[in-house]
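Report on one structure; see the data block that follows.
From a predicted model like this one, the values you see are computed outputs, not experimental measurements. One is the number of the first residue; the rest follow in order along the sequence.
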Amino acid sequence: MNEQVDVVVVGLGPGGEYLAGTLAEAGLDVVGVEAELVGGECPYWGCVPSKMMIRAGNALAEARRVPGLAGRAEVTADWGPVAGRIRTEATDDWNDRVAADRLAAKGGRLVRGRGRLTGPRRVTVDGREFEARRGVVLATGSRPRIPPVPGLVGTPYWTNRDAMSAKELPASMLVLGGGAIGAEVAQVFARFGCRVTVVEGQERLLAQEEPEAGELAVEALRADGVTVLTGARVGRVAHDGAGFTVWLEGGAEPRRAERLLVATGRYSDLAGLGVEAAGLDPTARAVPTDGQLRAADGLWAVGDITGRGAFTHVSMYQAQIAVRDILGRPGPDADYRALPRVTFTDPEIAAVGLTERQARERGLRVRTAVLPNASSTRGWIHGPGGEGFLKLVEDADRGVLVGATSAGPAGGELLYGLNVAVHAEVPVERLRHMIYTYPTFHRAMEAALAALADLR
């Protein structure tokens, strides 16, 4: 016999938890289904603990810059305070009682287990079947993609979860993958004394971002002692009980390290969700949704499984739209033209909208300007640690920015103004006549916009 409810939310990561709690507060009978921890990847193994690690690594780096700026400083790295802070402050030793109680206080019910669609508006969780009068929301996130490298399966390789929960750092580590996760963890571990090698199959790091971003990431990691190998494909892996050996294609010298971190992307398991019961393709990479996040009649999807980027801010943004739609409240469709993302290396590499390449692939007539931080007064003042650049991508026919990258100290914070410009399609000519505070990093916008004007 099935249980009648208003809404079933499958997956209680940031977006799912927000949805379930908000709908319950609105008076609906809501069941939230979660197989792991309420709150999802972000607070326990992603955004929050990683930024605590990065904050600590940046503090070490700043201390080491003192000789070039202010005299003498000696610093001894200690991973203990970092691991302790993650365990106690961020994750409560990976216990989700606070989050579960928060949902209950809002009126939602938590059901532990893996949810699976078994029909229209129907979800089964370990033998219990729920029928949702209004509908079901899929918010199950993503998991690490493990490449089919010979010898890898069965070894004690790490994913981001192992790196975030490490009580002690290994003496050495190989990182497969040079995206955001791989670059961030590699730099932090290196700053704490771990010998790190990054192996990236693409020709540059951060391959989805501007080429200048990848070049900056390589320079930053190498400055911290990381060995970076790009255009390097792994042929096979072995583990002998003491460490890993990685053989690269092309006969390059094998690489050996105590630990191996696999950071080669993430994927969503649609087959495991039984999406075929809703008429969707279980072999697809993502659940297609309309502007109100509807995937089918009585079915919504938010977060990683929609294929719009594995970012907490996307999940939360989509969740707000889905809540309105479920409650019958009008609101605008999802708009991804100004999708922001940040790689929290030092320097931070932040971007919004289209890269130059993406803009050209869409057939736009493009103008670009790139300004190194060192050419700005604030960049010159900042000195050590001030590396970075500002890049603007303009749709020349419409005279608006369609993309931008802000790399440097607090690059993610500087992105806000660029976000607004891209999202609101503020004319470049209007941006040129703003007042930019002196001396700030964002004042580089004035010179970059002038460079765009010179290309006309």
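- Using a 4.0 Å cut-off between charged side-chain N and carboxylate O, Arg398 and Glu425 make a salt bridge.
- Taking the ring axis of Trp300 as reference, the NZ or CZ atom of Arg294 does not stay both within 45° of it and closer than 6.0 Å to the ring centre.
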Trace of the side-chain contact (heavy atoms from CB on, under 4.5 Å) decision for Arg255 with Thr245 | CA-CA 6 Å; Arg255 300 283 172 163; Thr245 302; over 6 Å; no
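- Using a 4.0 Å cut-off between charged side-chain N and carboxylate O, Lys391 and Glu356 make a salt bridge.
- Scored by the ring pair (Phe, Tyr, Trp, His ring centres under 6.0 Å) test, Phe192 finds Trp79 as partners (sequence neighbours excluded).
- Heavy atoms of other residues, nucleotides or ligands lying less than 6.0 angstrom from CZ of Arg233 number 12 at most.
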side-chain contact (heavy atoms from CB on, under 4.5 Å) between Leu229 and Leu248: does it pass, once the steps are laid out?
-> CA-CA 10 Å; Leu229 306 176; Leu248 304 177; 3.9 Å; yes
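- Applying the 6.0 Å contact sphere to CZ of Arg285 captures no more than 12 heavy atoms from other residues, nucleotides or ligands.
- The number of heavy atoms from other shown groups lying within 6.0 Å of OH (Tyr336) is above 12.
- Applying the side chain to side chain contact (heavy atoms under 4.5 Å, CB included) test between Glu212 and each of Ile349, Leu390, Val370 identifies Val370 as the sole match.
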For the pair His239 and Tyr157, evaluate ring-ring contact (aromatic ring centres under 6.0 Å, His included) and give the outcome as yes or no after the intermediate values.
-> CA-CA 9 Å; His239 184 263; Tyr157 62 82; over 10 Å; no
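- Of the inter-residue distances, the one linking Leu449 atom CG with Asp454 atom CG reads 11.0 Å to the nearest 0.5 angstrom.
- Exactly one residue among Asn58, Thr345, Asp224 makes a side-chain hydrogen bond (donor to acceptor under 3.5 Å, both in side chains) with Gln187. That residue is Asp224.
- Counting heavy atoms of neighbouring residues, nucleotides and ligands inside a 6.0 Å radius, atom CZ of Arg360 exceeds 12 of them.
- Around the CZ atom of Arg430, the shell of radius 6.0 Å holds no more than 12 heavy atoms that belong to other residues, nucleotides or ligands.
- Comment: Arg341 engages Glu209 in a salt bridge, judged by a side-chain N to carboxylate O separation of less than 4.0 angstrom.
- When atom types are taken as modelled, the side chain of Ser165 and the backbone of Arg161 share a donor-acceptor pair closer than 3.5 angstrom.
- Classification of Glu210 and Arg357 as a salt-bridged pair fails, no side-chain N sitting under 4.0 Å from a carboxylate O.
- A salt bridge does not link Asp78 to Arg191: none of the charged side-chain nitrogens sits closer than 4.0 Å to a carboxylate oxygen.
- By the 4.0 Å N-to-carboxylate-O rule, Asp240 lies close enough to Arg256 to be salt-bridged with it.
- Pro340 pairs with exactly one of Leu418, Val314, Asn419 by the side chain to side chain contact (heavy atoms under 4.5 Å, CB included) rule, that one being Asn419.
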Step by step, work out the salt bridge (Lys or Arg N to Asp or Glu O under 4.0 Å) result for Arg102 and Glu17.
-> CA-CA 10 Å; Arg102 182 168 59 232; Glu17 182 188 354; 2.6 Å; yes
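- Taking a 6.0 Å sphere around CZ of Arg55, one finds it holds 12 or fewer heavy atoms contributed by other residues, nucleotides or ligands.
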Do Gln318 and Thr306 pass the side chain to side chain donor-acceptor pair (under 3.5 Å) test, and can you show the C-alpha distance, the side-chain angles, and the key distance before you say yes or no?
-> CA-CA 10 Å; Gln318 293 175 326; Thr306 65; 3.0 Å; yes
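- Atom CD of Glu253 has 12 or fewer heavy atoms from other residues, nucleotides or ligands within 6.0 Å.
- A donor-acceptor distance shorter than 3.5 angstrom exists from the side chain of Glu258 to the backbone of Ala171, with no hydrogens or angles considered.
- Counted within 6.0 Å of CD on Gln208, heavy atoms from surrounding residues, nucleotides or ligands total 12 or fewer; the atom is thus considered open.
- Not one N or O on the side chain of Tyr44 forms a donor-acceptor pair closer than 3.5 Å with the backbone of Asp92.
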